[in-house]
Chemist: 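Sending over a structure as structure tokens; questions will come in a sec.
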Amino acid sequence: QVQLVESGGGLVQAGGSLRLSCAASGRTFSSYAMGWFRQAPGKEREFVAAINWNGGSTRYANSVKGRFTISRDNAKNTVSLQMSSLKPEDTAVYYCGAAYSVQAVDIMITPRFYDSWGQGTQVTVSS
């Protein structure tokens, strides 16, 4: 399995931006499709964005489309989530996930296809 560590969370005002990063170690990073999920207090974990192994295909939740951008750097074993125009409803713990040998990003909206998860990073957006 691959080990994942998220970073970049913090407190930001509404309308601001943050960039989350997820560093991977262990198995070959390019063998994994990657995704970001988030979980707010009292709510279930929800899909945010996913990217295939080479970055050629991405998918976003409707709630973040046009505001968030997922990218990856296979040479550095990292996946990032650039978040702009943040809203208070974006407040959550954000988790990075890895799905081994998954080709279609469409299925990555479902947590059960993921093999590894990071510990999460808190994002708080104040109004």
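Quick caveat: nothing in here was measured; it's all calculated off a predicted structure.
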Chemist: Keeping to residues at least two apart or across chains, list the ring-ring contact (aromatic ring centres under 6.0 Å, His included) pairs with something in residues 108-127.
Modeler: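 The answer is Phe37-Tyr114, Phe37-Trp117, Tyr114-Trp117.
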Chemist: Nearest 0.5 angstrom please: Phe68 CZ to Thr58 OG1, how far?
Modeler: 14.0 Å
Chemist: Filter on disulfide (SG to SG under 2.5 Å), then keep only pairs touching residues 19-120, sequence neighbours left out; what's left?
Modeler: Cys22-Cys96
Chemist: Could you pull out every donor-acceptor pair under 3.5 Å between side chains of residues 98-105 and any protein atom, sequence neighbours left out?
Modeler:
| unit_1 | atom_1 | unit_2 | atom_2 | d |
| --- | --- | --- | --- | --- |
| Tyr100 | OH | Arg27 | NH2 | 3.1 |

Chemist: For the residue pair Tyr95 and Leu4, establish whether any side-chain heavy-atom pair is separated by less than 4.5 Å.
Modeler: no
Chemist: Does any pair with a residue in residues 52-88 pass disulfide (SG to SG under 2.5 Å), and if so which ones, sequence neighbours excluded?
Modeler: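 Those involving residues 52-88 do not exist here.
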Chemist: Minimum heavy-atom separation for Ser30 to Asn74, with atom names?
Modeler: CB-ND2, 3.7 Å
Chemist: Using side-chain hydrogen bond (donor to acceptor under 3.5 Å, both in side chains) as the criterion, list what pairs up with Gln3, not counting sequence neighbours.
Modeler: none
Chemist: Would you confirm whether Glu6, through its side chain, and Gln119, through its main-chain N or O, come within 3.5 Å as a donor-acceptor pair?
Modeler: yes
Chemist: Tell me, please, which residues at least two apart from Glu89 pass side-chain contact (heavy atoms from CB on, under 4.5 Å).
Modeler: Lys87
Chemist: Give a yes or no on whether Phe29 and Ile70 share a hydrophobic cluster (residues Ile, Leu, Val, Met, Phe, Trp, Tyr; joining criterion: side-chain heavy atoms under 4.5 Å apart).
Modeler: yes
Chemist: Please collect all salt bridge (Lys or Arg N to Asp or Glu O under 4.0 Å) contacts where either partner lies in residues 105-121, sequence neighbours excluded, each pair once.
Modeler: Arg59-Asp106
Chemist: Say whether Met34 and Val64 are linked into one hydrophobic cluster, either directly or through other cluster members, by side-chain heavy-atom distances under 4.5 angstrom.
Modeler: yes
Chemist: Determine which pairs satisfy side chain to side chain donor-acceptor pair (under 3.5 Å) with at least one residue from residues 46-57, sequence neighbours left out, and list them in order.
Modeler: Arg38-Glu46, Asn52-Asn54
Chemist: Is Val93 linked to Val125 within one hydrophobic cluster, defined over Ile, Leu, Val, Met, Phe, Trp and Tyr using a side-chain heavy-atom separation of less than 4.5 Å?
Modeler: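 Unlinked, Val93 and Val125 end up in two clusters.
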Chemist: Which pair of non-hydrogen atoms, one from Gly9 and one from Leu20, has the smallest distance, and what is that distance?
Modeler: N-CD2, 3.6 Å
Chemist: Does Gln13 CD have over 12 foreign heavy atoms under 6.0 Å away?
Modeler: no
Chemist: For Lys43, what residues pass the side-chain contact (heavy atoms from CB on, under 4.5 Å) criterion, not counting sequence neighbours?
Modeler: Ala40
Chemist: Considering all heavy atoms of both residues, which atom of Trp36 and which atom of Leu81 are nearest to each other, and what is their separation?
Modeler: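 That closest heavy-atom pairing would be NE1-CB, 3.6 Å.
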Chemist: Which residues satisfy the side-chain hydrogen bond (donor to acceptor under 3.5 Å, both in side chains) test with Thr124, sequence neighbours excluded?
Modeler: Gln122
Chemist: At their closest point, which heavy atom of Met108 faces which heavy atom of Ala50, and how far apart are they?
Modeler: CB-CB, 3.8 Å
Chemist: Taking only residues at least two apart or on different chains, which pairs with a member in residues 67-82 satisfy salt bridge (Lys or Arg N to Asp or Glu O under 4.0 Å)?
Modeler: Arg67-Asp90
Chemist: What pairs meet the salt bridge (Lys or Arg N to Asp or Glu O under 4.0 Å) rule with one or both residues in residues 11-25, with sequence neighbours excluded?
Modeler: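 Sorted pair list comes back empty.
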Chemist: Please check if Leu86 and Val48 belong to a single hydrophobic cluster, counting links between Ile, Leu, Val, Met, Phe, Trp and Tyr side chain heavy atoms closer than 4.5 Å.
Modeler: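 Cluster IDs for Leu86 and Val48 match.
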Chemist: Would a distance-only check, ignoring hydrogens and angles, find a side-chain to backbone donor-acceptor pair under 3.5 Å from Ser21 to Ser80?
Modeler: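 Flag not set: sc Ser21 to bb Ser80 has no pair under 3.5 Å.
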Chemist: Does some side-chain heavy atom of Thr69 sit less than 4.5 Å from a side-chain heavy atom of Tyr60?
Modeler: yes
